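In this text the structure is predicted, and so the values were computed from the model without any measurement.
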Amino acid sequence: RLLAPVDAPLLIWTSRPTPFLSLALRGLMSWWEEEKYEAGIKWKFLEHKGPYFPPEYNPLPENLNFYYNGEKLKLGLRAEEVALYFAQMLDHEYTTREVFRNNFFKDWRKEMTLEERMLITDLEKCDFGEYHNFHKQKVEERKNRTKEEKQVLKEANQKITDEYGFCMLDHHRERIGNFKIEPPGLFRGRGDHPKQGLLKKRIRPEDVIINCSKESHVPEPPAGHQWKEVRHDNTVTWLASWTDNVQGATKYVMLNANSKLKGEKDWEKYEVARQLKSRVDGIRAQYKDDLKSKQMGTRQRAVALYFIDKLALRAGNEKEEGETADTVGCCSLRVEHIMLHDSLDGEKCVVEFDFLGKDCIRYYNKVPVTKRVFKNLKLFMENKQPGDDLFDRLNTGMLNKHLSSLMPGLTAKVFRTYNASITLQQQLKELSNGEDPPEKLLSYNRANRAVAILCNHQRAPPKSFEQSMANLQAKIEGRKEQLTLAKAELKKAKKEAKGNSDTKLQFVVEKKKKAMQRCEEQLLKMEVQATDREENKEIALSTSKLNYLDPRISVAWCKNMEVQLDKIYNKTQRDKFAWAIHMTEKDFEF
DNA sequence: GTCGAGACTTAGAAATATGCCG
DNA sequence: CGGCATATTTCTAAGTCTCGAC
């Protein structure tokens, strides 16, 4: 375990607690300048108002009807509410899926009265049309709200945030990340999820555990209700929790990313990754050596580590079958997920990966590997069925146990952080040659993009992508014409001014020149933007920026390149990375 | 060693806000 | 100044990893 980040300013000031404490107490110090608590203790004082509950169900107007088999039918309140969840989603592809429909129907029937259940036995015979239209109408109304109405709503929301969105943690007033209890609805899993469509039930105060300090004012449950439990556990960071009925998982109310608790953890994460930097050569030498081991388990571990390091694959924990979509990571790869090519496209020993990873995002890649890795893979695949585990003698527990013996704090995911950050740093060095601001930004985005590609961070292309590209192209053409015109005018003005000492004419030349240059600049800016956008069509940059790239690399780059920080980090991101912005100098090296 | 619960980070989609252009 | 594209925020699912019971 790390006690303190490697090159952190001196944090442990136990020898002079008084001035330190008073500053901290008065809120004059930033958290990254404060002393840390002993291992495992996350806070000494925690006070909050409890989570915010969504409004109760508001019954539909009397005149709205549901039809079963063409017959008008008045549903009871509970059945009506759940039916509306489904009706609201009718425009979504989800509601056409067999699994979604069956799951919904099964759970919906549980909410029905006995009579309703006797009657309604076939989802195909259900007509939610009026519910659906009612919902669409509501959405339309929401869209058409006047400025004044929007303002009123905004203020009401702000009031809720002011009251429930903050807590006191030690001497800091901190923003809470998700202080709103998740509203009920139909479960929307990603990809081919076996539980899609199941009813996600309404959470009541009786389901919620509150965590706060003993000496704090315990939050009041909503009128007429009780909390499930109030506990005072300062070894955890959550303020409230409940169990989700669909997956049986615990959900938490936690602090915002700009908080002390989250920030410290983030900082520590990058410090561990930097430690890996200085040890990675040795670790690579070792797993290369392990490829020859007599122990099959060791060899499998070595190949897995090779993939995790080279391709930034996730660890790949086992998953409970039938509970989630069928996705894999490194350790859970199956024989069917890779194909071996002795030679492909002029390269030798090529492994072709094709599998669904986290969030059912497809990982597809063709990678040349070393002979030894290739031979090992052949061996691991011998006499196996497509559905068998590739690494049958390995799991994430064993892998991480081994890693933590190589370096304290080292786990599989540290390689992702390390490789992402080091790639950004290298790319920024290679790509940036002092140019115009838009070109510098393009370089930054390209470096970011290299990381996003490494980590396989994808997105659905924006709906209006083609249109917006075409618009931009048209604008570029327009600007080009304008530039030609501007150039011609400049030439003309120069000609007129030549051999003429009239300062007025000289002045005109200057003016035309400026106009031409401005035009040129704008054209360049647009062309750069077009390139950037095209390259970014199916790549999501935000995930790596937020979770994998040591912000100090970016802050140092901005300082060196004289780029405004807000060109690469928006307000939220600057808040989250305040610690890095505060402490980073030009010479920072990851 | 194995297993499941628990706690926390990482993820892309969807909703909402912003701002730009005619 | 309104409509639309883009940027930001919100939402919550889906991972990783640790720990304690057996």
Side-chain angles (χ1 to χ4, degrees), chain A residues 1 40 42 54 89 92 94 139 142-145 147 150 153-154 157 161 165 177-183 185 187-191 193 195-196 200 209 211 233 235-238 241 243-244 246-257 261-262 265-266 268-269 314-320 323-325 327-332 356-361 395-401 403-404 409-414 416-417 420 452 455-460 462-465 467-469 471-472 475 529 533 538-548 569-573 575:
Chain A
R1 268 287 136 214
K42 307 293 169 63
M89 293 177 75
H92 202 289
Y94 265 116
V139 170
R142 210 176 307 155
K143 226 169 62 185
N144 293 334
R145 279 193 286 241
K147 243 184 195 162
K150 279 181 189 165
L153 235 53
K154 200 175 168 181
N157 269 327
T161 304
N178 58 328
F179 58 91
K180 288 179 178 164
I181 295 275
E182 294 171 18
F187 177 74
R188 305 156 83 125
R190 303 277 171 88
H193 201 296
K195 296 195 170 182
Q196 64 191 86
K200 198 170 109 162
I209 303 173
N211 194 31
D233 182 355
T235 67
V236 295
T237 66
W238 52 268
S241 73
T243 305
D244 152 59
V246 175
Q247 312 247 48
T250 319
K251 302 271 182 119
Y252 301 93
V253 171
M254 288 185 186
L255 296 185
N256 186 274
L261 274 173
K262 295 285 186 188
K265 206 70 190 304
D266 210 32
E268 188 183 293
K269 172 181 79 183
R314 296 188 185 84
N317 286 309
E318 298 99 302
K319 302 169 76 184
E320 218 174 323
E323 296 291 301
T324 60
T327 62
V328 297
C330 185
C331 293
S332 50
L356 295 182
K358 181 176 178 180
D359 291 322
C360 287
I361 298 294
N395 60 43
T396 54
M398 295 154 74
L399 180 68
N400 281 332
K401 209 173 154 203
L403 289 174
S404 68
L410 187 60
T411 61
K413 86 197 249 300
V414 178
R416 246 167 107 78
T417 312
C455 294
N456 199 39
H457 291 143
Q458 299 183 15
R459 62 165 183 174
K463 274 195 287 299
S464 53
F465 185 83
Q467 185 58 54
S468 91
M469 263 336 263
N471 291 348
L472 190 56
K475 263 167 72 181
Q529 193 187 10
R533 201 184 291 177
E538 298 182 73
I539 315 260
L541 299 184
S542 59
T543 303
S544 49
K545 199 182 240 184
L546 236 44
N547 301 300
Y548 288 102
Y569 286 144
N570 66 35
K571 178 78 173 72
T572 311
Q573 293 163 339
D575 279 350

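- Side-chain nitrogen and oxygen atoms of N178(A) include none within less than 4.0 Å of the OP1 or OP2 phosphate oxygen of dC11(C).
- Applying the side chain to side chain contact (heavy atoms under 4.5 Å, CB included) test to K319(A) and every residue at least two apart in sequence or in another chain returns T324(A), T327(A).
- Between the NZ atom of K269(A) and the P atom of dT9(B) there is a distance of 8 Å, given to the nearest Å.
- Residue I361(A) places its side chain closer to dG12(B) than to any other of dG6(B), dG12(B), dT16(B).
- Atom CH2 of W238(A) is separated from atom C1' of dC8(B) by 13 Å (rounded to the nearest Å).
- Legend: residues meeting side chain to side chain contact (heavy atoms under 4.5 Å, CB included) with K358(A), ordered by chain and number and at least two apart, are R314(A).
- OP1 or OP2 of dA11(B) lies within a sub-4.0 Å distance of a side-chain N or O belonging to R416(A).
- Nucleotide dA15(B) holds its P atom 18 Å from the CZ atom of R459(A), rounded to whole Å.
- Atom pair M89(A):CE and dA14(B):P shows a separation of 9 Å (rounding to whole Å applied).
- Applying the salt bridge (Lys or Arg N to Asp or Glu O under 4.0 Å) test to E323(A) and every residue at least two apart in sequence or in another chain returns K195(A).
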Nucleotide N/O of nucleotides 3-5 of chain C paired with protein N/O under 3.5 Å:
none

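- Summarising the geometry, the separation between CE on M254(A) and P on dC11(C) is reported as 17 Å, rounded to the nearest angstrom.
- The nearest heavy atom of DNA chain B to K150(A) and to Y94(A) marks one nucleotide each, and the one closer to the 5' end goes with Y94(A).
- The side chain of H92(A) places no N or O atom within less than 4.0 Å of a non-bridging phosphate oxygen (OP1 or OP2) of dA13(B).
- As rounded to whole Å, 12 Å separates atom P of dG1(B) from atom CG of N395(A).
- Regarding I209(A), its CD1 atom lies at a distance of 8 Å from the P atom of dG6(B), rounded to whole Å.
- For dA7(C), neither phosphate oxygen OP1 nor OP2 lies less than 4.0 angstrom from any side-chain nitrogen or oxygen of K571(A).
- To the nearest 0.5 angstrom, K545(A) atom NZ is 7.0 Å from Y569(A) atom OH.
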Between the protein and nucleotides 14-16 of chain C, list every N/O to N/O distance that falls short of 3.5 Å.
residue, atom, partner, partner atom, Å
dA14(C), OP1, R190(A), N, 2.7
dA14(C), OP2, H193(A), NE2, 3.4
dA14(C), OP2, Q247(A), NE2, 3.0
dA14(C), O4', D359(A), OD1, 3.4
dG15(C), OP1, T327(A), OG1, 2.9
dG15(C), OP1, D359(A), N, 3.1
dG15(C), OP2, K319(A), NZ, 2.8
dT16(C), OP1, A315(A), N, 3.3
dT16(C), OP1, G316(A), N, 2.7
dT16(C), OP2, N317(A), N, 3.0
dT16(C), OP2, N317(A), ND2, 3.0

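- Closest-nucleotide positions on DNA chain C for V414(A) and G177(A) were compared, and the one nearer the 5' end corresponds to G177(A).
- Using a 4.0 Å cut-off, some side-chain N or O of K262(A) falls inside it from OP1 or OP2 of dT9(B).
- Within residues 539-548 of chain A, the residues having any heavy atom under 4.0 Å from DNA chain B are, by residue number, T543(A), N547(A), Y548(A).
- Taking only side-chain nitrogens and oxygens, K200(A) comes nearer than 4.0 Å to OP1 or OP2 of dA13(C).
- Taking CD1 of I361(A) as the start and CZ of R459(A) as the end, the distance is 12.5 Å to the nearest 0.5 Å.
- OP1 or OP2 of dC8(B) sits under 4.0 Å from a side-chain N or O of K42(A).
- For R188(A), the salt bridge (Lys or Arg N to Asp or Glu O under 4.0 Å) criterion is met by no residue, not counting sequence neighbours.
- Comparing I181(A) and Q573(A) against DNA chain C, the residue whose closest nucleotide sits nearer the 5' end is Q573(A).
- With 3.5 Å as the limit, one finds a donor-acceptor pair spanning the side chains of Q458(A) and N456(A).
- For K195(A), no side-chain nitrogen or oxygen approaches OP1 or OP2 of dA13(C) to under 4.0 Å.
- To the nearest angstrom, P of dA15(B) lies 16 Å from CG of N157(A).
- The ring pair (Phe, Tyr, Trp, His ring centres under 6.0 Å) test applied to F179(A) returns no partner, not counting sequence neighbours.
- With sequence neighbours left out, N256(A) forms a side chain to side chain contact (heavy atoms under 4.5 Å, CB included) with R175(A), N258(A).
- Remark: the N317(A) side chain and the T396(A) side chain contain an N/O donor-acceptor pair separated by less than 3.5 Å.
- Every residue meeting the ring pair (Phe, Tyr, Trp, His ring centres under 6.0 Å) condition with Y94(A), not counting sequence neighbours, appears here in chain and number order: H92(A), F100(A).
- Taking the side chain to side chain contact (heavy atoms under 4.5 Å, CB included) definition, one finds that V236(A) meets it with N211(A), D233(A), W238(A), sequence neighbours left out.
- Dashed line: the shortest gap from a side-chain N or O of S241(A) to OP1 or OP2 of dA7(B) is not under 4.0 Å.
- Annotation: salt bridge (Lys or Arg N to Asp or Glu O under 4.0 Å) contacts of D244(A) (sequence neighbours excluded): none.
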